[in-house]
Amino acid sequence: MRDRAIDSPRGTRVVPGVVTADAWRGTVEVVDTALCEGHFPGTPIVPAVALLACVEAVLYAWRGAAVASYAALRFRAPVGPGDALDLDLTRRTDGSLAFALRRAGKRVADGRVEELRR
Amino acid sequence: MIVLESWLPHRSVAVLITHVATQSAATLTAEARVPAAHPLVRAGRAPAILAVEAAAQATALVGATATAGPAARAYVVGVPRCALDVADLAADAPFEITVEHLRTEGPLSRWSFRATRDTANIATGEISIWCQP
């Protein structure tokens, strides 16, 4: 387990909560419209890949790891400016990590992450 | 000839496709790049996962071509698999994105994608797109 500061993507504030060797729990807050510039005019929506960039920032700070692959990603509801999300990352028995982003308890995105082996 | 600004719902730094190289009814190859002013760029580098966004925009262009009109607003709703061969991309550096239609069920369509630079893989996988009816 590493103890790096989280380099939150622009327009977000990623804050750790309960962190162990096998699980990371914290929050992702979309603090402004930076991530939504041009996506889309009049209907600002955080691009799905920006949510993954938050997951990658956590993974690097927590485990010093980059992402090798993703699997079974689902983006279940749009995320916009002002949204506050709970992020859980949990190590699975196969060595990969499962993640879920929830807004008010309801999943907005989830999937699996495989770390880059070094 | 596709005029990207009129065919994609994206604007400004969110537009990653720069021009279409080849296209058919079910495939499209385009040049893309991540603008230096994109919000995910840090110190001139962008997360490689942005290749998925470029793939999504390429699928929108295939749809726009098929209907001979501006692309409907569409969202990435799933990534069944995605392998990243690099950690990040240089901002403003061109890369190639190719998408191929696999199947459509109602408003959902599944595509394979491959992002490359100088023939080396950046990212490969499949994406699911939900198109606003």
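Letters A, B, ... are given to chains in the order of the sequence lines, protein chains preceding strands, and every chain is numbered from 1.
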Smallest separation among heavy atoms of Pro39(B) and Ala34(A), with atom names: CG-O, 3.4 Å
Gap separating the CZ atom of Arg81(B) from the CD atom of Glu114(A), nearest 0.5 angstrom: 14.5 Å
Region of Ala37(B) that comes under 4.5 Å of a non-hydrogen atom in chain A: backbone
Crowding at CG, Asp118(B) (>12 non-hydrogen neighbours, <6.0 Å): no
Common cluster, Val31(A)/Leu101(A), ILVMFWY with side-chain heavy-atom separation under 4.5 Å: no
Single-linkage hydrophobic cluster Val20(B)~Leu8(B), side-chain heavy atoms < 4.5 angstrom: yes
same_hphob_cluster(Leu59(A), Val86(B)) at 4.5 Å side-chain heavy-atom cutoff: yes
Interface residues of residues 68-87 of chain A facing chain B - non-hydrogen atoms under 4.5 Å apart: Ala68(A), Ser69(A), Tyr70(A), Ala71(A), Ala72(A), Leu73(A), Arg74(A), Phe75(A)
Pick from Val79(B), Asp88(B), Leu84(B) with the largest number of heavy-atom pairs that fall under 4.5 Å of chain A: Val79(B)
Transitive ILVMFWY side-chain link Val14(A) to Val19(A), under 4.5 Å: yes
Engaged part of Ser8(A) at the chain B interface, taking heavy atoms whose separation is under 4.5 Å: backbone
Minimum-distance pair of heavy atoms, taken over all atoms of Leu40(B) and Ala53(A): CD2-CB, 3.9 Å
Top contributor to chain A contacts, counting heavy-atom pairs under 4.5 Å, from Pro80(B), Ala83(B), Ala51(B): Pro80(B)
Between CD on residue Glu53(B) and NE2 on residue His39(A), distance to nearest 0.5 Å: 4.5 Å
Between NE2 on residue His38(B) and CD on residue Glu37(A), distance to nearest 0.5 Å: 9.0 Å
Option in Val13(B), Val52(B), Val15(B) with maximal non-hydrogen atom pairs under 4.5 Å from chain A: Val13(B)
Worked check of side-chain contact (heavy atoms from CB on, under 4.5 Å) between Phe40(A) and Arg11(B): CA-CA 7 Å; Phe40(A) 300 98; Arg11(B) 290 292 178 270; over 6 Å; no
Toward chain A: residues of residues 89-104 of chain B with heavy atoms under 4.5 Å: none
Part of Leu52(A) within contact of chain B (heavy atom distance under 4.5 Å): side chain
Nearest-0.5 Å distance that lies between atom CD in Glu56(A) and atom CD1 in Ile49(B): 6.0 Å
For chain A, the option from Ala123(B), Ala14(B), Ala87(B) that forms the most heavy-atom pairs under 4.5 Å: Ala14(B)
